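Below is one structure, written out as C-alpha cells, with a few remarks after it.
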Amino acid sequence: MLLKIYDKLLNHFGNQNWWPADTKFEVIVGAILTQQTSWKNVEKSIKNLKNENVLEPKKLFNLPVKTLEILIRPSGFFKVKSKRLRSFLEFFVENYDGNLDKMFELSLNDLRNNLLSVHGIGPETCDSIILYSGDKPVFVVDAYTLRLCERYPIIKTKKYEEVREFFEKNLPKDVNLFKEFHALIVELGKNYCKIKPICEKCPLNEGCKHEISNNDMPNR
DNA sequence: ACCCAGGTGGCCC
DNA sequence: GGGCCACATGGG
C-alpha cells in the first residue's frame, strides 16, 4: 500500500534529493528555520549566515542574539526562532561539545527523547534532524502526511507517533527511502492537494477522498 | 488585499 | 486530550 504510493509519487515527481545543504549542521539549522515557513525564505537566512561565516556550531553559539535575529529575519518568526536556535545550541554545546558525531552516537530512542526535550524542537523538527542530518531511519510526519492519511484512508489516527510508527512498520527500514518519501509527500501537498480541480492530474487521484474544501490542512 | 508556507508552545477547558 | 492563538517574512 505505502510502497505503491511511493512508487507513483517517485514516477511522477522524480528524485527529490533532500536535504539541500552543505553540512549536517546546516540541515539542523534549516530544520528549525523552516518551521511553518517556505524553503525559499529559509535559503535567504542560510545565505546570510554563510556570508557572515557563522554557520558552524561554536561560531553560531557565540553569536549575539541580536545579530542572529537580524540574519535569520527573512525566514519569519525571527524572535521565536532565534530563541529556538539558542536552545538547541546550548543543549548541543553543553552536552556534546558541539560535536555532531557525539550526538548521533546515542541510541535512536535517547536521541529522540533528548532532542524533544529542547525548547522549540517538536516531533517533526526532531525527526527531520535525525533522518536528514543523522541518517537514521525515522519517518518524518508532517501536516501533508496527515492529510494524505486522511484522504486515502491509510490510517484513522492523526496522532504523530502512531502515524510515524505505522509508516516505519509498513516500509522497508531504508534511510534513503524515508528521505525521498517524505520529500515526495511534501511535493505532492504543495502541487496537488489544495484545489479540487487540479486533482485530475494528481498521481494519486485514484481513490482520493478529496471532496470538500480547498484547504483542509490538519492544523489550520 | 488577501492566502499560504517543510511547526511549536502556551493557555484554556 | 483537543481547540485556539501568537509568532513574521516573502511570494503568489
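Order of the sequence lines sets the chain letters (A, B, ...), proteins ahead of strands, with each chain counted from 1. All values reported here derive from a predicted model rather than from experimental measurement.
Atom OG1 in Thr145(A) sits 8.0 Å away from atom OH in Tyr160(A) (nearest 0.5 Å).
A cation-pi arrangement is absent between Arg164(A) and Phe139(A), since the terminal nitrogen or guanidinium carbon is not both under 6.0 Å from the aromatic centre and inside a 45° cone about the axis.
In this structure, the CD atom of Gln16(A) is 12 Å from the P atom of dG6(B), given to the nearest Å. Rounded to whole Å, the distance from CD1 on Ile32(A) to C1' on dG7(B) is 11 Å. As rounded to whole Å, 8 Å separates atom P of dG9(B) from atom CD of Gln35(A). Between Arg73(A) atom CZ and dC7(C) atom P the separation is 14 Å, expressed in whole Å. Taking atom CZ of Phe13(A) as the reference point, atom C1' of dG6(B) lies 14 Å away to the nearest angstrom. Rounding to whole angstrom units, OH of residue Tyr160(A) and P of dG9(B) are separated by 12 Å. Look at CG on Leu33(A): it is 14 Å from P on dT9(C), rounded to the nearest Å. A straight line from NZ of Lys81(A) to P of dT8(B) spans 11 Å, rounded to a whole angstrom.
Remark: the separation of the P atoms in dG2(C) and dG6(B) is 25 Å, to the nearest Å. Separation of the P atoms belonging to dA1(B) and dA8(C) is 22 Å when rounded to the nearest angstrom.
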Audit row: Leu131(A), Trp19(A), side chain to side chain contact (heavy atoms under 4.5 Å, CB included) steps and yes/no: CA-CA 10 Å; Leu131(A) 179 63; Trp19(A) 193 290; over 6 Å; no
Step-by-step side chain to side chain contact (heavy atoms under 4.5 Å, CB included) determination, Val54(A) to Leu71(A): CA-CA 10 Å; Val54(A) 290; Leu71(A) 294 176; 4.2 Å; yes
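Between the side-chain ring of Trp18(A) and the base of dG6(B), a stacking contact exists by the 5.5 Å and 30° definition. No aromatic stack links Phe78(A) and the base of dA8(C), using centre distance under 5.5 Å and interplanar angle under 30°.
Of the possible polar contacts, none joining the Thr157(A) side chain to the Glu162(A) backbone as a donor-acceptor pair under 3.5 Å is found.
Qualifying side chain to side chain donor-acceptor pair (under 3.5 Å) partners for Arg86(A), counting only residues two or more places apart in sequence or in other chains: Glu90(A).
Ranking dG1(C), dA5(B), dT9(C) by closeness to the Lys159(A) side chain, first place goes to dG1(C).
Checking the phosphate oxygens (OP1, OP2) of dA5(B), a side-chain nitrogen or oxygen of Tyr144(A) falls inside 4.0 Å. In this model, the phosphate group of dG11(C) is approached by a side-chain N or O of Lys44(A) to a distance below 4.0 Å at OP1 or OP2. Remark: Gln36(A) is in phosphate contact with dG7(B), judged by side-chain N or O atoms under 4.0 Å from OP1 or OP2.
Across all strands shown, Lys40(A) has no heavy atoms under 4.0 Å from either base or sugar-phosphate atoms. Within 4.0 Å (heavy atoms only), Lys79(A) reaches sugar-phosphate atoms of the nucleic acid but no base atom.
The stretch residues 109-126 of chain A comes close to DNA chain B through Val118(A), His119(A), Gly120(A), Ile121(A), Gly122(A), Pro123(A), Glu124(A), Thr125(A), each having a heavy atom under 4.0 Å from the strand.
Classified by interplanar angle (parallel below 30°, tilted 30° to 60°, perpendicular above 60°), the ring pair Phe88(A)/Phe92(A) is parallel.
Nucleotides of DNA chain B nearest to Gly189(A) and Arg84(A) differ in position, and the one nearer the 5' end is that of Gly189(A).
The two residues Ser133(A) and Lys24(A) have their closest heavy-atom pair at O-NZ, 2.6 Å.
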